[in-house]
Amino acid sequence: MSIQSNNLKTESSTALPIHVQDLTKKYGEMFALDSVNLDVKSGEFLTLLGPSGSGKTTLLMAIAGFNRPDSGSIRFGDEEVILKPPHKRDVGMVFQSYALFPHMTVAENIAFPLKLRGVSAAETAERVATALKTVQLDGLGDRDIEQLSGGQKQRVALARAFVFRPRILLMDEPLSALDKKLREQMQIELKHLHEQLGVTTVYVTHDQREALTMSDRIVVINKGQLTQIGTPNDIYNHPANAFVADFIGESTMLPLTHDGSGSLYFEDNLIKTNYKTSDAKEWSLVIRPERLTVVKDGQYDPEKTIVFSGVIREFIFQGETAFAMMSVNDKYTLSFRFGTDASSWQNALKPGDLISLGLNRSDVIVIPGGREL
Amino acid sequence: MNWLKKSASDTQLTHGDRLWLYIIATIVMLLLVIPTLIVMPMSFSDSQYLEFPPSNWSMRWYYEYFESSKWMRATVTSIQVGTLTMLLATPMGVMAAYALFVSGHRASKLLFAFLITPMIVPVILIAIGVFYSYGRVGLNNTIFGLVLAHAVLAAPLVMIVITSALRNYDLNQERVARSLGATRIKAFFVITLPQIKFSVVTSALLAFLTSFDEVIISIFVSGGSNATLTKHMFAALRDFIDPTIAAISTIMILVSTTLLLATQYISSREK
């Protein structure tokens, strides 16, 4: 089930960059958007990722034209659109609820934007057929919306959003109503669809895994502010602060000590970082559970590895990986993960066992501040 | 008596356990309906007076009604006023319900409550108020004045029906339509309205009925050649009781019941 390439490039339009400047929106005393600046590159798949109430949907709706920010500017290419109503912005939009028109057939739904643009009947039929093929619903044009499954509805909503060759595609958690398997499959399909349409896409989700899977770049948003912008790799391996480290992936955060000369230490280990350590008072070490491996005495290179020793407190089998927690001198707890293949002797671990875990120094993540940021 | 042992719902209750409920429900329904139905046989009486049960049967009071120019004029007035009320109250109520539903403004709940007060205030108070206000502007005894007053009563019903229809409707559909290039008005007429159309028709029929059945305001505000059927009936009951009233009542019951059943049928289509 992958999107077929049938001269899709002709289906797409010239993609446009989006420039958001100093965008502010207040609801009462609360900042939904707090002078947000963001440049979405032409043709890019950009995801707004954040917890509920972070402002990600407000930002998307501002780009779509459904809410008027208090101040700031939104430009599509060189054109200021902040005062333009939604129907003049030429953006395709997909909602979580699909929002298909139940009183129209599948084909009528997809033809809707073409009809509004006065496209001829013959061309409409042709473009609807191509769009249906693109989302693998060939021949289903005459169906009623009620006859479709959740996944099919989502495909129709998608087809309707790109059939008129919009310059920008906006999606508000379009997959969150689907079950896990279908969702993961649709993520790949959407990614391929985007590659083939080449349209600038802004995608909103609270699902970090979805964001990591699909995006060219991710914007982590919290309390109306952009916390970090970067590639999935950047965001995961170089989180800018405790919020990002905590929100994306699993992590254990441990405080670092700052000596007089500007070096950071975790216990006796000198921790190297590219940060200027005078920039913040507090620093933390972020450890991803899957980056820890069980090591045996004398079988590691202390130059390359930081070692933690402790007692297993918790051991949970979760399918493709197992999750365990190790308590170090009752001072802090480390989470770690490992594969569950039959040969892995870690499978034999049980609560109470004494073990040592090694962290490769190149996997060390340092962030300014502490957990309560 | 197998039926008594069958389960009546998803719970373990059988129809037998619920027998007492069925009996009470039947009694309540009979009490509600019998006083209405009792006029039906009375209308087919041959007697000069209202009589139950009639000793002799005849259709004479129906002829009396259909051949009386006074009754016919009143009937035409009632239908006119009902239709105009419907045409005025339905769009007004739909617009108000839509606006208050979509705005999400803090004051919109308050405004909604304010707009449905005509349903809560005793109609006699509205009638008195309307009568004296109309006296100043010369609207008493006019069709237009009566339609305005009836629309005040009917609009809240329309608002309630439409608001509940909008609650079952995904407003994102209108948003999508707008993002796809439809103006807001076009999105409403092409996307929203077709999906609440059964509720709109239902509310329109209710608006018509509200006016058609209304007595109190009609007594105060309508008169002369513009008196409604209900006003004439009330006057006839007071002055001379003859079975014509029963014949008219029977016809009105049939009309109202048909319209109500129609609204029930239509609103069940929308689900």
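Convention: sequence-line order gives letters A, B, ...; per-chain numbering from 1. Computed from a predicted structure; not experimentally measured.
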Under 4.5 Å from a heavy atom of chain B, the part of A:Leu114 involved:
neither
Taking A:Val81's backbone N and O only, do any of them form a donor-acceptor pair with A:Glu79's side chain (distance below 3.5 Å, no angle check)?
no
Heavy-atom pairs under 4.5 Å with chain A - which of B:Asp170, B:Leu171, B:Val190, B:Ile191 has more of them than the others?
B:Ile191
Using distance alone, with no hydrogens and no angle criterion, decide if A:Ser215 and A:Tyr203 have a side-chain donor and acceptor under 3.5 Å apart.
no
Over 12 foreign heavy atoms within 6.0 Å of CD1, B:Ile24:
yes
Donor-acceptor pair, A:Arg160 side chain versus A:Phe112 backbone, under 3.5 Å?
no
Is it the backbone or the side chain of B:Ala177 that comes under 4.5 Å from a heavy atom of chain A, or both, or neither?
both
Per-residue contact mode, A:Arg117 against chain B (heavy atom under 4.5 angstrom):
side chain
Part of B:Asn172 within contact of chain A (heavy atom distance under 4.5 Å):
both
Looking at A:Ala99, A:Pro113, A:Ala161, A:Pro85, which one has more heavy-atom pairs under 4.5 Å with chain B than the rest?
A:Ala99
Contacting region of A:Phe66 [heavy-atom separation from chain B under 4.5 Å]:
side chain
With under 30° as parallel and over 60° as perpendicular, where do the rings of A:Phe45 and A:His194 fit, or are they tilted in between?
perpendicular
When you measure from the side chain of A:Thr47 to the backbone of A:Leu49, do you find a donor-acceptor pair of N or O atoms at a distance under 3.5 Å?
no
Ranking A:Gln96, A:Met104, A:Lys115, A:His103 by heavy-atom pairs under 4.5 Å to chain B gives rank one to A:His103
